[in-house]
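Structure record follows, encoded as structure tokens.
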Amino acid sequence: MTKKIAILVIIWLIFAFADYFYLPYFVQPFSWLLVCIILLILAVRQIIKLFKERKNIQTNRIVNLLITLVLLFLTFYNFNKIPSSIIEKIDWNISYHKRNQIVKEVLTEKLKPNTKMNNGICKLSFDFPIVSNGGNDIWIYQNKTKGTKTIKFWISRGFFDAPQTYFIFTNNNETKKQYEEQIKVKPEHNWKLEKNWYRIMERD
């Protein structure tokens, strides 16, 4: 692997993590398209060079092309599904205790919705690593009648008509039943993480 390809792989990894954790949801489709175009151009250039050198093909040329094509596939396939799912698992484990601490603070009302729109959004301080992607906001819903709460941590904020994805804590039994039904219908997008915790994809 040449130095240029090594640098390309490092830059791509930085993009993958930045795309998952930090890029605003309205920027993600444009950054994704830009990266796809760049990788496609690089792949075409590698193919042209490979064709020109067909009588004396170097191993490095083939390796560089294969790596570029793999990165293009990983970026393009189902909108970055493979790297995003891997990073999501890392994210869940790394921030597990931090999210549980935030849940405790919400349940004891140390943390409450704090935006002027009064829409259930609570803006958290921007500490690394962030616990809710696309701005480090969480969404809090309180059932005042039953004294239960549902807290959503964004995995993906979505864009246009795309669904939004969350790590969700809830101690509301009716909400749990709703999520259990979603898991039965679409288990590839929804599943239970542990007691009171779910990974859910939904459309607002």
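Here, residue 1 is the first one in the sequence, and each next residue gets the next number.
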Could you work out the complete set of other residues in the hydrophobic cluster of V185, with links drawn between I, L, V, M, F, W and Y side chains under 4.5 Å apart?
none
Candidate pair E180 and Y198, rule side chain to side chain contact (heavy atoms under 4.5 Å, CB included), full reasoning
CA-CA 9 Å; E180 296 292 346; Y198 299 84; 3.1 Å; yes
What residue pairs, at least two apart or across chains, pass salt bridge (charged side-chain N to carboxylate O under 4.0 Å, His left out) with a residue in residues 6-16?
none
Examine I11 and F73 and state if one hydrophobic cluster contains both, with Ile, Leu, Val, Met, Phe, Trp and Tyr joined whenever side-chain heavy atoms are less than 4.5 Å apart.
no
Trace of the side-chain hydrogen bond (donor to acceptor under 3.5 Å, both in side chains) decision for S156 with T165:
CA-CA 5 Å; S156 173; T165 313; 4.9 Å; no
Can you tell me how far CD1 of I168 sits from OH of Y179, rounded to the nearest 0.5 angstrom?
3.5 Å
For residues 130-139, which residue pairs qualify under salt bridge (charged side-chain N to carboxylate O under 4.0 Å, His left out), counting only residues two or more places apart or in two chains?
K123-D137, D137-R157
Find the distance between CH2 (W12) and OG1 (T68) and round it off to the nearest 0.5 Å.
12.5 Å
List in chain and number order the residues that pass ring-ring contact (aromatic ring centres under 6.0 Å, His included) with W92, two or more places apart in sequence or in another chain; answer none if no residue qualifies.
Y96, F167, W197
By side chain to side chain contact (heavy atoms under 4.5 Å, CB included), N143 pairs with (sequence neighbours left out) Y141, T145, K146, T148, N172
Considering residues, nucleotides and ligands other than K192, do more than 12 of their heavy atoms fall under 6.0 Å from its NZ?
yes
For Y20, which residues count as a ring-ring contact (aromatic ring centres under 6.0 Å, His included) partner, sequence neighbours excluded?
none
Determine which pairs satisfy salt bridge (charged side-chain N to carboxylate O under 4.0 Å, His left out) with at least one residue from residues 96-107, sequence neighbours left out, and list them in order.
D91-R99
With the 4.5 Å side-chain cut-off for hydrophobic clustering, are L13 and L39 part of the same group?
yes
Apply salt bridge (Lys or Arg N to Asp or Glu O under 4.0 Å) to residues E181 and K184 and explain how you reach the verdict.
CA-CA 5 Å; E181 285 301 316; K184 290 179 183 178; 3.7 Å; yes
State, yes or no, whether a side-chain contact exists between N171 and L107 at a heavy-atom distance under 4.5 Å.
yes
Using modelled atom types and a 3.5 Å cut-off, is there a donor and acceptor pairing between side-chain atoms of K112 and backbone atoms of C122?
no
The reported gap from CD in E188 to CE in M201 (rounded to nearest 0.5 angstrom) is 8.5 Å
In chain order, what residues pass the side chain to side chain donor-acceptor pair (under 3.5 Å) check against T59, with sequence neighbours excluded?
none
So, do I121 and I140 sit near enough that their side-chain heavy atoms are less than 4.5 Å apart?
no
Does a side chain donor of either N196 or K176 reach within less than 3.5 Å of an acceptor in the other side chain?
yes
Can you name the side chain to side chain donor-acceptor pair (under 3.5 Å) partners of E53, sequence neighbours left out?
R61
With I94, which residues qualify under side chain to side chain contact (heavy atoms under 4.5 Å, CB included), at least two apart?
I90, P129
Donor-acceptor contact below 3.5 Å, side chain S85 vs main chain I82
yes
I'd like to know whether I151 forms a side chain to side chain contact (heavy atoms under 4.5 Å, CB included) with W139, so could you lay out the CA-CA distance, the side-chain angles of the two residues, the decisive distance to 0.1 Å, and finally the verdict.
CA-CA 6 Å; I151 306 157; W139 185 87; over 6 Å; no
What I want to find out is whether K152 reaches E202 closely enough, with some N-O distance under 4.0 Å, to be called a salt bridge.
yes
Inter-residue atom distance L69.CG - L65.CG, 0.5 Å rounding:
4.5 Å
In chain order, what residues pass the side chain to side chain donor-acceptor pair (under 3.5 Å) check against Q142, with sequence neighbours excluded?
none
Any side-chain to backbone donor/acceptor pair from N119 onto T115? Under 3.5 Å, distance only.
no
Test your reading of the model: is there a side-chain donor-acceptor pair from S132 to the backbone of W154, 3.5 Å cut-off?
yes
Approximate separation, where rounding is to 0.5 Å, of F169 CZ and L193 CG:
12.5 Å
Between W32 and F76, does a side chain to side chain contact (heavy atoms under 4.5 Å, CB included) hold up when you go through it step by step?
CA-CA 8 Å; W32 170 81; F76 187 80; 3.7 Å; yes
Decide yes or no on side chain to side chain contact (heavy atoms under 4.5 Å, CB included) for I155 and Y166, but give the supporting numbers first.
CA-CA 5 Å; I155 298 171; Y166 309 89; 5.6 Å; no
I200 side, atom CD1; K186 side, atom NZ - distance, nearest 0.5 Å
12.0 Å
L50 and Q46, any side-chain heavy atoms less than 4.5 Å apart
no
Taking side chain as C-beta onward, heavy atoms only, is V103 less than 4.5 Å from F153?
yes
Applying side chain to side chain contact (heavy atoms under 4.5 Å, CB included) to I41 and not counting sequence neighbours gives I37, R45
